Amino acid sequence: MPNNSATRFKHGELVLSLRGVSKHFGAVSALTDIELDVHAGEVVALVGDNGAGKSTLVKILAGVHQPSTGTITFGGQQVALPNPGVALDLGIATVFQDLALCENLDVVANIYLGRELDPLHLDEVAMEVRAWTLLNELSARIPSVRDVVASLSGGQRQTVAIARSLLLDPQLIMLDEPTAALGVAQTAEVLNLIERVRDRGHAVIMISHNMEDVRAVADRIVVLRLGRNNGVFYPDSSNANLVAAITGATENAVSRRAGRRQSEQNVYTEEQP
Amino acid sequence: MSNETQDAPQPSALLDRADIRVKHATGVGGAVTAFIDRVRSGELGSLPVIAGLIIIWTVFTVLNPVFLSADNLVNLLFDCSTVGVISLGIVCVLMGGQIDLSVGSMSGFASALVGVLWVNHDWPVLLAVVVAVAVGALVGVIYSLLFNRFGMPSFVATLAGLLAILGLQLYVLGDTGSINLPYGSATVNFGQFLIIPATVSYLLALVPGAVILVGGLRTRQRRHAANLSASSVGSLLIRGLAITVLLEIVVAYLNRGRGVPLMFGAFLGLAVAMDYALKRTRWGRSMNAVGGNREAARRAGINVGAIYTSAFVLCSSFAALGGVLSAARLASASTQAGTGDVNLNAIAAAVIGGTSLFGGRGSAYSAVLGIIVIQSIASGLTLLNLSSSLRYMITGAVLAIAVIVDSLARQSRVSHGRA
C-alpha cells in the first residue's frame with residue numbers, strides 16, 4: 001500500500017489539472033475540451049443538468065473510463081489512469097453514484113475491498129476496528145459491520161461507500177451525488193465531513209443537483225453543459241446566473257416556473273383584502 | 001438535547017455494540033437462538049444437504065442394511081475423493097460467477113496422459129502426474145484468454161473445450177483405447193487400498209476441534225483487546241467438543257472396516273486449504289467480490305482478469321488431478337474415463353452442497369458434502385441392483401431439489417433483507 005500522506009500537498013497547491021480532456025462514446029461526445037483545476041484544501045462542485053458529462057468526468061478521473069484526448073496532471077506530474085487501481089494508488093478516491101458495493105460481502109469486506117490487511121491471513125480484527133472508527137467519524141448508523149451490504153438501507157450504503165473512500169487517506173476525493181439518498185442529519189454529517197476533509201488539506205470534487213448543499217460547502221462551482229465547460233461560479237453568485245449557466249439560457253424552465261409562481265402569488269395577494 | 005442523550009440508556013462500551021436497536025446474541029443460548037433466526041430467514045448454510053444426507057442414508061439402510069456397513073462407507077469415501085477433487089475446482093469458478101463444463105473431458109485427458117507417459121513411455125509416474133496437471137493449468141489459461149480477451153462466455157468456451165479435449169484424449173490413447181496401470185504400484189495402491197493408520201486417524205480427528213478452540217480463544221483475546229465483542233468461552237468449548245466427538249465417532253466406525261482412505265484424507269486436506277484460501281486471503285475475498293459484483297470489484301482496484309484467470313486455471317488443474325486420481329482408482333486410463341456423468345456429478349456436487357450458480361456465495365466444504373450425497377445415491381442404488389437409468393433419474397431429481405431449496409432460501413433472504 002503506498003503511503004499517501006508522505007506526499008501531502010500544501011494548502012492551495014495545485015493537485016489536479018485537466019487540459020483539453022475529451023471523451024467520445026462512438027458518435028457521442030460526452031466531454032469536449034474540459035479544463036479543470038483543483039487545489040489542495042478546496043471543494044470544487046461540479047454541476048450541470050442530466051447528461052452534462054459530470055459522471056463521465058468523475059469516471060475518467062477514477063480510472064474507470066479512459067479519455068479520448070487531453071492530459072491529466074496530478075501533483076505536477078502528467079499521469080495516465082488506465083484502471084481504478086492506479087487512481088487509488090495515486091490517492092484519488094471516488095464515491096460513485098451507484099456506490100459500487102458488493103452486496104454479498106459484509107461492511108468490513110466492502111470498506112477494505114482490494115486493500116485487505118495481511119493478504120495471506122486477513123486481519124479481521126484490525127479491519128473491523130478501523131471500519132468502526134471510519135463509520136463513527138461519519139456518525140453512521142450501521143447496526144453491525146458484519147451484516148452483508150444487501151441488508152442495509154440506501155443511506156447506510158451511501159455512508160459505507162463514503163467510509164471506504166476515506167480509508168486510504170486520499171489526496172483527492174470525488175463524491176458523485178453523495179447526499180442523494182441521505183436523511184437530514186446524515187446530509188449535514190456528510191457536508192461537515194467534506195469540510196473536515198478539506199480543512200485537512202485534501203482536495204474535494206463534489207457532484208450534486210442540490211444547489212443548497214453546493215452553496216453550503218463549495219469554494220468554486222464549475223458548470224458543465226452538454227459536455228463542455230460553461231463557466232465558473234462562486235457560492236455568492238446569484239441563483240439566476242447559475243441556473244442560466246446550467247440550462248444554457250436566461251429564459252429557461254426554471255425561470256419560467258419561478259416567474260409563473262411569482263405572478264400567481266401576486267394575483268393571490270391582490271385578491272386578499 | 002444534551003440532557004436527553006445523557007438520560008438515554010448508556011450504550012455498552014464495546015465498539016460494535018453501541019447501536020441499541022440491534023439485538024445481540026450472548027452466551028451459548030444466544031448463539032442457538034441466533035442460529036435458528038438465521039435459518040428461518042433463509043441463511044441455510046449446509047443444513048439442507050445434511051438433512052438430505054440423513055434422509056438418503058436412512059432410506060438406503062432400510063432397503064439394504066449393507067449400505068451403512070463400515071466397508072461400504074470406506075468404499076464410498078474412496079469413490080468420493082476422485083470426483084470430489086474435480087468439484088473443488090468447480091466451487092472456485094462458481095464463486096467467481098463462471099462455469100467450466102469441460103472438467104469431465106479434462107479429467108479423462110489427464111488420466112490418458114498419465115497412462116501414456118507412465119506406462120507406454122516409461123516416464124517416472126510423478127513427472128507424468130505433474131505434466132498432466134500442468135496441461136490442465138494450460139487449458140485454464142486458454143479459457144481465461146478466451147474469456148478475458150475475446151469476451152467469450154465461459155459457458156461456450158468450456159463447451160467447445162469439452163469436445164476439443166475429448167478429441168485430444170482419444171488422440172493420445174490412439175488405437176489401444178485403454179491402458180492398464182500396473183497393479184501393485186504406489187499410484188494404484190493409493191487409489192485402491194492405502195488407508196490412514198488407525199492411531200494417526202484418531203489423532204488427526206482431534207485437530208479440527210483443537211483448531212476451533214485455540215484459534216477461537218486467540219481471536220477472542222484479540223477482539224477483547226480491541227474493545228470488540230467476542231464469542232463466549234462456553235460456546236467455543238461446545239463447538240470444539242462437538243466437532244471432536246463427531247469426528248472421533250466417524251473415524252472409529254470407519255476403522256471397524258478398512259479405515260479412513262488416504263485419498264479421502266488428501267481430498268479433505270485440499271478442501272480445507274481451499275476453504276482457507278477463499279475465506280481468509282485477499283485472493284479469496286476478491287473472488288467473492290468478483291462473483292458478487294464484477295464492476296464494483298474492478299472499481300475497488302481489483303485486477304478482475306487475473307482473478308478469473310486464477311479461477312479457470314485452478315479449476316482445470318483440479319480437474320486434471322481428479323482425473324489422475326480416478327485413473328489410480330480404476331487402475332486404467334481409457335477412452336471412457338471422464339465421460340458420462342463425471343462432468344455433471346462434479347458440478348452437481350458443488351451446487352447440492354450449497355454453492356450458488358450465480359456467483360459470490362459458497363464454500364469449499366460444499367464440494368465435500370455434495371459429493372458424499374451423490375456417491376451415496378450411486379452406492380445405494382448399486383447395492384439395490386438398480387440400473388444406471390434409475391441412478392441418473394434419481395440424481396437428477398436430487399439436483400433439482402437442491403436448486404429449488406437454494407432458490408427458496410434466496411427468496412426468503414430477500415424478504416428478510418439478507419440477500
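These figures come from a predicted structure and were not determined experimentally. Here is how names work: the chains are called A, B, and so on, in the same order as the sequence lines, proteins then strands, and each is numbered from 1.
Using modelled atom types, no side-chain atom of A/N104 and backbone atom of B/R361 make a donor-acceptor pair closer than 3.5 Å.
By the neighbour-count criterion of 12 heavy atoms within 6.0 Å, atom NE2 of A/H121 is sparsely surrounded, having that number or fewer from other residues, nucleotides or ligands. Applying the 6.0 Å contact sphere to CD of A/E195 captures more than 12 heavy atoms from other residues, nucleotides or ligands.
Using a 4.5 Å cut-off between heavy atoms, A/A109 touches chain B through backbone and side chain atoms alike. Proximity to chain B is absent for every atom of A/V145, based on heavy atoms less than 4.5 angstrom apart. With a 4.5 angstrom heavy-atom cutoff, A/N136 touches chain B only via side-chain atoms. With a threshold of 4.5 angstrom between heavy atoms, A/L113 approaches chain B through its backbone and through its side chain.
Qualifying ring pair (Phe, Tyr, Trp, His ring centres under 6.0 Å) partners for A/F25, counting only residues two or more places apart in sequence or in other chains: A/H65.
Rounding to the nearest 0.5 Å places OG of B/S229 at 7.0 Å from CD of A/E128. In this structure, OH on B/Y276 lies 7.5 Å from CG on A/L122, to the nearest 0.5 angstrom.
Salt-bridge formation is detected for the pair B/R285/A/E124: a Lys NZ or Arg NE/NH1/NH2 atom is positioned less than 4.0 Å from an Asp or Glu carboxylate oxygen.
Between chain B and the options A/A93, A/P84, A/G85, A/A131, the largest number of non-hydrogen pairs under 4.5 Å is found for A/P84. Your options are A/A126, A/G63, A/C102, and the one with the most heavy-atom pairs under 4.5 Å with chain B is A/C102.
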message = The test is salt bridge (charged side-chain N to carboxylate O under 4.0 Å, His left out); show your working for B/R280 and A/D118 and say whether it passes.
response = CA-CA 10 Å; B/R280 295 268 171 270; A/D118 223 342; over 6 Å; no
task = Could you give me the CA-CA distance, side-chain angles and deciding distance for A/D123 and B/R222, then say whether side chain to side chain contact (heavy atoms under 4.5 Å, CB included) is met?
result = CA-CA 10 Å; A/D123 190 346; B/R222 287 202 58 204; 3.1 Å; yes
message = Is there a side chain to side chain contact (heavy atoms under 4.5 Å, CB included) between A/W132 and B/L228? Walk through the geometry before answering.
response = CA-CA 10 Å; A/W132 277 117; B/L228 291 169; 3.9 Å; yes
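The shortest heavy-atom contact between B/T281 and A/L120 is CG2-O, 3.8 Å.
Along residues 290-303 of chain B, the residues that come nearer than 4.5 angstrom to chain A, judged on non-hydrogen atoms, are B/G292, B/N293, B/E295, B/A296, B/A297, B/R298, B/R299, B/A300, B/G301, B/I302 in order of number.
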